[in-house]
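Keep in mind that what you see is a predicted model, and the values were worked out from it rather than measured.
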Amino acid sequence: MRATVTAPQVLHPWRLPPRTVTKHNSEARSSTVPEPFALSDVTIVTGDPSGTALPGRTVVVGADGKIEQVGPSADTVVPAGYAVLDSAGRFVVPGLINAHAHLFSNGLPVPKILLRESTAGIVARLGRSPVGRRLFKRRAKANVLTQLHSGVTTIRSVGDVAYEVVEVADEIERGEYRGPRVLGSGPLLAITGGHGAPQIALTSDSPWEARRNARRHVQRGVKAIKISATAGVTDARAIGYAGRPEMTEEEMVGICEEAHNADIRVAAHAQSTAGIRAALRAGVDTIEHGAAMDPEVIDLFLDNPRSLSGSSALIPTILVCLPLLEFDQSVTGAGDVVRANAALIFEEMLRGIGDARQHGIPIGMGTDSALTYVTHYDAWREMDLLVRYGGLTPAQALNAATQTNARILGLDHITGLIESGKDADMVVLDVNPLDGFRAFTDLRMVIVRGDIIDQPSVTRHAELDARLDSIWAEQTP
């Protein structure tokens with residue numbers, strides 16, 4: 001008896017059939033859940049450093065949300081029962097990976113009272129109260145979904161109020177609602193009075209106290225750990241204070257050992273050569289922000305025996321500094337000390353990017369989202385600034401946000417590439433983003449682990465966007 005064969009179902013180019021789903025915690029999941037489908041006749045922008053584009057390809061995605069086939073459309077057979085989405089003229093890139101995100105705010109200017117040192121303790125206690133925990137969890141959920149709708153399918157948080165991001169990540173993994181892959185860090189780890197303390201940090205003042213906080217993080221289920229190796233711009237106490245070493249090498253060694261025992265990577269806020277050197281010696285996996293490098297620092301980036309993978313990487317964050325320098329202080333609310341430190345750190349960061357490029361040190365992409373003027377839908381701006389100020393080509397900047405970030409975070413076995421066996425994390429656009437990253441402001445589709453968001457949209461902040469656009473229109477690096 002001959003079996004009946006059902007031909008692939010050809011649909012409207014951007015629509016999958018809805019399927020009834022169960023509500024979880026009184027929240028309805030999206031109108032679609034992963035169904036087997038194929039993107040046909042699409043141009044794949046691979047995300048490699050050379051900017052390779054492969055026209056006329058078909059990408060087949062199974063019901064488990066993984067890519068089953070990738071090949072020329074003429075040679076790729078779509079299995080029976082799979083929906084075929086005619087993608088002719090479209091471009092698909094790997095889902096973006098944001099390796100440096102905060103999720104406690106939306107990027108709008110924060111009221112000055114919340115930034116004062118005199119009120120920091122009160123703000124921290126309120127944030128970790130029952131009411132505060134609910135508030136920041138709602139914010140975290142809203143912000144990860146905004147990032148997803150802007151094309152970010154993987155997020156690493158690097159400093160939270162408490163463990164609200166870990167909880168959101170767990171809910172997504174349980175399937176309670178559709179969201180990006182999230183590596184939640186919990187509060188960053190700092191010294192008493194150090195960068196980020198006390199609002200988004202747990203503090204310690206000895207190697208064993210630092211280990212205790214790292215162990216607490218591991219027990220609470222974090223998938224990333226962030227430390228403050230140096231002082232920062234926003235809480236600098238004097239001109240030149242940002243970048244001052246804070247946590248000792250011994251303290252950082254304890255944190256790295258505890259994290260690596262649990263297969264967790266450690267990120268270090270470090271904005272001076274001395275701070276970077278100590279953090280790398282301790283075994284951190286990524287340096288956040290960065291600064292000029294000396295020969296020892298370069299060698300440690302390339303060969304770091306204490307790190308989890310044997311080497312370390314740089315995650316610059318250009319966008320967070322630029323508004324402080326380009327906008328009037330009456331607009332940013334930044335004092336003279338903060339602005340002066342931002343100027344110093346900005347130059348150091350650019351020198352660090354240049355040193356990394358020269359010596360083959362991996363450069364990833366992180367936005368520092370939630371900080372003032374850094375929204376959750378502007379990953380495209382950070383990629384663009386890596387080109388304009390960091391000297392990367394557009395292909396290298398996209399590579400930093402996809403393939404390289406996947407390797408840096410230890411996720412390259414599941415994401416970062418459009419190839420068989422990987423999770424179907426993809427962004428579909430009308431134009432090639434290598435011709436201009438602003439293409440990410442108008443996406444045709446976001447696919448996260450095989451789950452499709454058709455014509456994604458975000459709530460934008462018009463006044464903030466207009467101010468940022470003025471930098472793009474007027475400034476030349």
Side-chain angles (χ1 to χ4, degrees), residues 5-21 28-47 52-96 145 148-154 175 177-181 398 402 414-435 439-458:
V5 177
T6 304
Q9 182 182 5
V10 180
L11 300 176
H12 179 278
W14 308 108
R15 200 167 302 281
L16 281 179
R19 190 168 81 182
T20 303
V21 295
R29 191 172 171 166
S30 58
S31 62
T32 63
V33 295
E35 297 275 7
F37 68 91
L39 299 175
S40 72
D41 201 26
V42 72
T43 296
I44 297 175
V45 181
T46 65
T52 301
L54 305 173
R57 263 35 181 196
T58 289
V59 183
V60 180
V61 178
D64 60 356
K66 293 189 177 294
I67 299 171
E68 294 182 340
Q69 299 181 64
V70 180
S73 295
D75 302 328
T76 303
V77 178
V78 179
Y82 282 51
V84 177
L85 283 67
D86 183 1
S87 312
R90 312 295 184 189
F91 296 81
V92 60
V93 301
L96 303 180
L145 295 179
L148 176 63
H149 279 248
S150 69
V152 176
T153 55
T154 300
Y177 47 88
R178 174 176 55 197
R181 182 183 297 98
L398 181 62
T402 55
I414 57 174
T415 194
L417 276 170
I418 299 175
E419 69 176 17
S420 297
K422 296 287 196 299
D423 284 357
D425 297 333
M426 299 179 284
V427 181
V428 182
L429 309 95
D430 290 330
V431 296
N432 188 339
L434 296 183
D435 293 332
F440 282 96
T441 64
D442 185 20
L443 303 179
R444 180 64 58 171
M445 181 185 294
V446 174
I447 304 168
V448 58
R449 289 182 274 193
D451 201 357
I452 289 178
I453 303 171
D454 189 8
Q455 296 182 324
S457 63
V458 299

> Side chains of Pro94 and Leu417: does their closest heavy-atom pair fall under 4.5 Å?
no
> Could you list the residues that satisfy side chain to side chain contact (heavy atoms under 4.5 Å, CB included) with Asn432, not counting sequence neighbours?
Val45, Phe91, Leu434, Asp435
> Please test Ile447 against Val61 for side chain to side chain contact (heavy atoms under 4.5 Å, CB included), starting from the C-alpha separation and ending with a verdict.
CA-CA 10 Å; Ile447 304 168; Val61 178; 5.8 Å; no
> Please give me the minimum heavy-atom distance between Gly450 and Phe37, naming the atom from each residue.
O-CE2, 3.5 Å
> Heavy atoms, side chains only, cut-off 4.5 Å: are Val428 and Leu443 in contact?
no
> If you round to the nearest 0.5 Å, how far is OG1 of Thr402 from CE of Met426?
13.5 Å
> Identify the heavy atoms of His149 and Val458 that sit nearest to each other, and give their distance.
CB-CG1, 3.6 Å
> Does Ser40 reach the side chain of Val78, with side-chain heavy atoms less than 4.5 Å apart?
no
> State which residues pass side chain to side chain contact (heavy atoms under 4.5 Å, CB included) with Pro72; sequence neighbours excluded, sorted by chain then number.
Arg57, Asp75
> From Tyr177 OH over to Leu145 CG, what is the distance, rounded to the nearest 0.5 angstrom?
7.0 Å
> Can you name the residues that form a side-chain hydrogen bond (donor to acceptor under 3.5 Å, both in side chains) with Ser420, not counting sequence neighbours?
none
> Using modelled atom types only, decide if a donor and an acceptor are shared between the side chain of Asp423 and the backbone of Asp425 within a distance under 3.5 Å.
no
> Checking Pro180 now: which residues fulfil side chain to side chain contact (heavy atoms under 4.5 Å, CB included) with it, not counting sequence neighbours?
Val144, Leu148, Ile155, Ile172, Val182
> Could you work out, with side-chain hydrogen bond (donor to acceptor under 3.5 Å, both in side chains) as the rule, every residue matching Glu68, not counting sequence neighbours?
Tyr82
> Test side chain to side chain contact (heavy atoms under 4.5 Å, CB included) on Thr76 and Val60 and set out the steps.
CA-CA 9 Å; Thr76 303; Val60 180; 3.9 Å; yes
> Using side chain to side chain contact (heavy atoms under 4.5 Å, CB included), reason through Met445 and Gln455 one step at a time and then give a plain yes or no.
CA-CA 5 Å; Met445 181 185 294; Gln455 296 182 324; over 6 Å; no
> Between Arg90 and Leu39, does the side chain to side chain contact (heavy atoms under 4.5 Å, CB included) criterion hold? Intermediate values first, please.
CA-CA 10 Å; Arg90 312 295 184 189; Leu39 299 175; over 6 Å; no
> Could you report the tightest heavy-atom contact between Ile418 and Val92, atom names first, then the distance?
CD1-CG2, 3.9 Å
> Please identify each residue that fulfils side-chain hydrogen bond (donor to acceptor under 3.5 Å, both in side chains) with Thr154, with sequence neighbours left out.
Arg181
> Tell me the closest heavy-atom pair linking Arg444 and Pro456, and the distance in Å.
O-CD, 3.8 Å
> With sequence neighbours excluded, tell me which residues meet side-chain hydrogen bond (donor to acceptor under 3.5 Å, both in side chains) with Ser73.
Thr58
> Do Gln69 and Pro79 have side chains that approach each other closer than 4.5 Å (heavy atoms only, starting at C-beta)?
yes
> Using a 4.5 Å cut-off on heavy atoms from C-beta on, say whether the side chain of Ile44 contacts that of Val42.
yes
